[in-house]
Amino acid sequence: MKVLITAGPTREPIDPVRFLSNRSSGRMGYELAAAFVREGHEVLLISGPTAIDVPERADFIPVEKAADMYEAVDQHLNRMDIAIFAAAVADYSVANVADNKIKKDPDTLTLALVKTRDILGSARSDMNFTGTLIGFAAETENLEQYAREKLTRKGCDLIIANDVSKQGIGFESDSNEVLLVHSDHSEALPKASKHDLAHQLVRTILEIHLHKSAPAG
Ligand code: CTP
């Protein structure tokens, strides 16, 4: 199977030395990439900056900005069987990136932000992807409801949702506790290391893919 995975945070520049970013470690996406590679699949990992080694035998495109991640995904998505969007993409970028370092003259500074393009949300509509599409949802409330809305709105086959208000899971942690939101049901998985969870997710994602690709009747 050919599998594209986005991972890590993005960095949205403010000026030549500063950026806006988030707390994503990239661990879940990298564990998924490693698990697919171990099971013999062809993986393309498109990732923002992380401190993790790229899994051996995975193809790798490093990116910084959300706009660069969009371009890289757009270029490669259509030859993929499965696409998994684990990246914590910045929802906003700085409207006017300063050419020179901003000096601290004024007492307050206001940055105008503009929405970035939703990469996962463009996979079906703008990029015409017909393969198996998996998204993530990080929520602090109404986990299942918000994840299900994302599943429908972004045309996904599965949303892997986690409650980021819980301590010890998700962002900056080695473990995770996720709710799998399928089109017709949801399933809560017990807390597990991201390594073990990745293997379980690979099995689930391959099952969804085979079921989706099986001829009807
Ligand atoms: N995502 C993406 N491109 C973006 C923003 C998000 O590909 N510009 C993907 C993430 O990789 C993840 C999913 O969309 O798989 C979850 O995105 P999220 O930001 O939580 O969803 P939104 O629809 O932006 O909703 P909200 O921020 O309001 O929760």
Side-chain angles (χ1 to χ4, degrees), residues 3-13 19-33 36 43-50 61-78 80 82-95 113-129 131-166 169-171 176 178-183 186 194 197-198 201-202 204-205 208:
V3 185
L4 178 150
I5 299 174
T6 70
T10 63
R11 282 183 182 172
E12 307 306 321
F19 55 79
L20 297 175
S21 194
N22 59 64
R23 294 181 186 280
S24 166
S25 65
R27 173 86 44 207
M28 196 66 247
Y30 278 60
E31 288 290 359
L32 277 168
F36 272 104
V43 172
L44 171 61
L45 179 62
I46 299 175
S47 175
T50 74
I61 302 179
V63 295
E64 294 228 342
K65 294 182 289 182
D68 300 337
M69 187 175 274
Y70 186 102
E71 288 310 318
V73 170
D74 192 24
Q75 223 171 63
H76 295 278
L77 189 61
N78 271 319
M80 298 293 161
I82 297 170
I84 304 166
F85 289 72
V89 184
D91 287 328
Y92 291 89
S93 63
V94 177
L113 303 179
V114 284
K115 227 185 211 164
T116 57
R117 287 167 92 183
D118 186 342
I119 311 170
L120 173 60
S122 305
R124 295 284 189 223
S125 51
D126 298 335
M127 303 180 195
N128 301 315
F129 181 60
T132 298
L133 187 63
I134 316 290
F136 275 75
E139 309 290 353
T140 54
E141 56 180 352
N142 305 329
L143 184 63
E144 179 160 11
Q145 182 203 331
Y146 286 160
R148 189 161 294 289
E149 282 167 15
K150 276 174 198 173
L151 178 95
T152 312
R153 190 168 74 243
K154 302 192 187 198
C156 295
D157 297 294
L158 175 73
I159 289 280
I160 301 162
N162 64 343
D163 181 344
V164 287
S165 68
K166 282 194 185 171
I169 58 164
F171 275 38
N176 209 350
V178 300
L179 179 72
L180 299 184
V181 178
H182 296 257
S183 57
S186 298
K194 287 181 179 174
L197 183 61
L201 291 174
V202 166
T204 302
I205 292 167
I208 293 173

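Everything numeric in this text was worked out from a predicted model, so none of it was measured. In each ligand, atom 1 is the first atom listed, and ligand 1 is the first ligand listed.
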Polar side chain donor-acceptor pair, Y30 to S25, under 3.5 angstrom: no
Picking from L44, L4, T6, what satisfies side-chain contact (heavy atoms from CB on, under 4.5 Å) with I61? L44
Flag the pair D157 and R124 as a salt bridge only when some basic side-chain nitrogen lies within less than 4.0 angstrom of an acidic carboxylate oxygen. yes
Only one of E12, R11, K115 passes side-chain contact (heavy atoms from CB on, under 4.5 Å) with S93, and that residue is E12
Nearest heavy-atom pair of P9 and P49: which atoms, and what distance? CD-O, 3.3 Å
Test: K154 and E149 ion pair at under 4.0 Å: no
Residue shell around ligand 1, heavy atom under 4.0 angstrom: F85, A87, V89, D91, T116, R117, D118, I119, L120, G135, F136, K150, R153, K154
